[in-house]
There are 2 protein chains.
Amino acid sequence: MQRRAATGLRLAGYALNLHQLRFVQEAARRNLNLTETARALHTSQPGVSKAIRELEQELGVDLFVRHGKRLTRITEPGRQMLASVETILREVANLQRIGDEYAGRDTGTLSIATTHTQARYFLPGPVAELRRRYPQVQVVLHQGVPEQVASMLKSEVADIGLATEALAAHEDLVTLPCYEWQHVLVVPRTHTLARENRPTLEQLAAETLVLYHPTVTGRTRIDQAFARARLAPRVALEAIDSDVIKTYVRLGLGVGIVAEQAMREEAEAAGGSDLASVPLGHLFGSNVTRVAFKRGVYLRHFVLAFAELLAPRLNATLLARALRSDAASAVRAAGVDGAGGARADNDYQL
Amino acid sequence: MQRRAATGLRLAGYALNLHQLRFVQEAARRNLNLTETARALHTSQPGVSKAIRELEQELGVDLFVRHGKRLTRITEPGRQMLASVETILREVANLQRIGDEYAGRDTGTLSIATTHTQARYFLPGPVAELRRRYPQVQVVLHQGVPEQVASMLKSEVADIGLATEALAAHEDLVTLPCYEWQHVLVVPRTHTLARENRPTLEQLAAETLVLYHPTVTGRTRIDQAFARARLAPRVALEAIDSDVIKTYVRLGLGVGIVAEQAMREEAEAAGGSDLASVPLGHLFGSNVTRVAFKRGVYLRHFVLAFAELLAPRLNATLLARALRSDAASAVRAAGVDGAGGARADNDYQL
DNA sequence: TATCCTTACGGAATTCGTAAGCATG
DNA sequence: CATGCTTACGAATTCCGTAAGGATA
């Protein structure tokens, strides 16, 4: 910095560098623990500490409040600056993505974050088709509960997310409807309910049920429906995935309720299956599975192509329109007009 | 780069640095002339050249097309990347602004870009009031035609712009209505038209006119009105500013047409003035002067305060809402869906 | 006492300017 | 041949790791 001052350079405040910003971002994400931050970024802890202090000096304000030698919280300017930092680093990542897009035409990695049901029943077709069209693209599947899907999108671990819940609640994600489904009852083919067209909640409550675990998409709607009818069904077992539920239904533990996608295999099985399914949309309503992206990230063409495979309506033009706006200024604006007021539309209807 | 590769660092592609981006941006703005770019940024030309090449290597694609040793045009990836670069540098500037905002409370510079009429007749009040409230804030006034106002906003030379035309046509500016005005006829008090309430185009065409120069706001509307009526008035003189027009009207060169703001002094003069003015809104319609900001820039509180002085309706909450969205992704999106399609709303009605 | 941030220090790599080389119009 | 980009080179400076210091819970 000595020399620059001497030669009179220092292009309008660019003693700033991207490493400093990366450190600040990571520190914010990791509860202001610089040791952990340094480990995560494969660098030395003193380096992180120094870089942040220099950045603060450069900007003229502290980003973090320090209690002695410990960082305790983010200052108000720090909070506002973090929004800019997120934008900067996101756009830097976009530069790389655009570079990759034009450099190695059809090579790269498609990283998908999704829930079990989607991964098991919905995605196999689209993924296979993508692999056929873009043999050079490596597909990585990250499985988790909807909140994890959201957070993988936010940290740019995943390019595209697919889930039925939680996604629309995030400011910095853009979500679009993908397909609609309902729950179905799963019973052994010989069960009396197998011939029932529109079973009632009372009929179901008379059985022992095999349900999804409460963390799984749609379980809450089932609970609510029973609660509204003042029914308290017996639950034999709660499972994370549909295959487990089906297995226990086969064993006679009770009747199951799963997403309809999970029964499509049985429905299409040549010669029929040992399990029958009965739609339950009239009891539990219908669900919409949504595709989500992080707002502002550049989508390579194979990501767009994949979205279109998920739902033909999700073409490049529509996505471009949906992804247009930016959340960084919204976050800053929230401070100006009193916290809650600024809420950008992040759910696009078709 | 050797060493980083050796120690295994290179935090996920951040060999990138902000100087490279600044160089690229400036080169794009200066017709790909690196010599000029280097001069503008107070650095050496070989440095710029090298930095850009390194950036291209880093990103894996060329940003510029070279004919031998000369840069001729921007490549498609280059065009898309420039949008990201603009965003990055804008947010870096915002970091500085936020720092200034919190560091030196009420000090700083308010840079206003505007046209003559605004600077001369409308701004003196608000500027004086701002100086009274924020004595530490230095006010800089940049005068130009509307297109220059727009370009000063874009290059962040000015924080706020004020003009009656051209601003709304720019993607990356946000404009809001400030006040409405009409043209007025200026005649010596003794002139017969001084007692006319609603002069007609024919009456005006019978006189010799003293008008604004065609580059000045509103002149086109006057020409169009006469053209529609198939009248070709005689024009004695075309001037850039209202004071000149008034002067020549006093000299008896003809009758003048100016913006109503320019006659307010005369209307309020104690003991009357030697000039009379007659509203011409019924002939030339009304005009709306607009305030504009560059989309996405952080506005310091005294900028917001100044906007509110220009029009009380332009309060911080409204501005925060208007400034929320971002154009960078829109520019990129334009490529995806075929150039013209993506047009973000940049004019906000109250 | 264990965790965690800051300061100190030194070697290595990068940065950036000057000077020379060479292609275009 | 004038303009303008690139390559070459070397000295100053920044960078970044290790090691030691000091504060908190």
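Letters go in sequence order (proteins before strands), and every chain restarts at 1.
Residue A:I52 contributes atom CD1, which lies 13 Å from atom P of C:dT7 at whole-angstrom precision. Protein atom CZ of A:R30 is 16 Å distant from nucleotide atom C1' of C:dC4, rounded to whole Å. In this structure, CZ of A:R73 is placed 17 Å from P of C:dC5, rounded to the nearest angstrom. The nearest whole Å value for the distance from the CG atom in B:L71 to the P atom in C:dA23 is 16 Å. Note: CD (B:E54) to C1' (D:dC5) measures 15 Å, nearest angstrom. As rounded to whole Å, 13 Å separates atom P of C:dT3 from atom CD of A:E36. Rounded to whole Å, atom P of C:dT15 lies 17 Å from atom CZ of B:R53. Remark: C1' of D:dG10 and NZ of B:K50 are 12 Å apart, rounded to the nearest angstrom.
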All N/O pairs under 3.5 Å across the protein-nucleotides 19-21 of chain D interface:
residue: D:dG21; atom: N2; partner: A:K69; partner atom: NZ; Å: 3.2

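Donor-acceptor pairing under 3.5 Å, judged by distance alone, is present between the side chain of B:R70 and the base of D:dT3.
Taking side-chain N and O atoms only, A:T43 has a distance below 4.0 Å to OP1 or OP2 of D:dG17. Contact annotation: A:S44 does not reach the phosphate of D:dC16 (side-chain N/O to OP1 or OP2, under 4.0 Å).
For the segment residues 59-67 of chain A, the set of residues with a heavy atom within less than 4.0 Å of an atom of DNA chain D comprises A:H67, in numerical order.
Under a 3.5 Å cut-off, the side chain of A:S111 and the backbone N or O of A:V157 do form a donor-acceptor pair. Side chain of A:D100 to backbone of B:L59: no donor-acceptor contact under 3.5 angstrom is found.
Salt-bridge check for A:E156 with A:K294: passed, with a basic side-chain N closer than 4.0 Å to an acidic carboxylate O. Between B:R90 and B:E86, no side-chain nitrogen of the basic residue sits less than 4.0 Å from a carboxylate oxygen of the acidic one, so the salt-bridge criterion is not met. For the pair A:R39 and A:E36, the salt-bridge criterion is not met [side-chain N within less than 4.0 Å of a carboxylate O]. Electrostatic pairing of A:R97 and A:E101 does not count as a salt bridge here, judged by no charged N lying under 4.0 Å from a carboxylate O.
Residue-level contact check: B:L32 touches the backbone only, with heavy atoms under 4.0 Å from sugar-phosphate atoms and none from bases. B:G68 comes within contact range of the sugar-phosphate backbone alone, with a heavy-atom separation under 4.0 Å but no base atom that close. Residue B:T35 is classed as a sugar-phosphate contact, given heavy-atom separations below 4.0 Å to backbone atoms only.
Between A:Q80 and B:Y102, the side chains place a donor N or O and an acceptor N or O closer than 3.5 Å (distance only, hydrogens not considered).
Between B:M81 atom CE and A:E91 atom CD the span is 11.5 Å, to the nearest 0.5 Å.
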Please lay out, stage by stage, how A:E56 and A:R66 fare under the test salt bridge (charged side-chain N to carboxylate O under 4.0 Å, His left out).
CA-CA 13 Å; A:E56 291 179 319; A:R66 289 165 174 80; 3.0 Å; yes
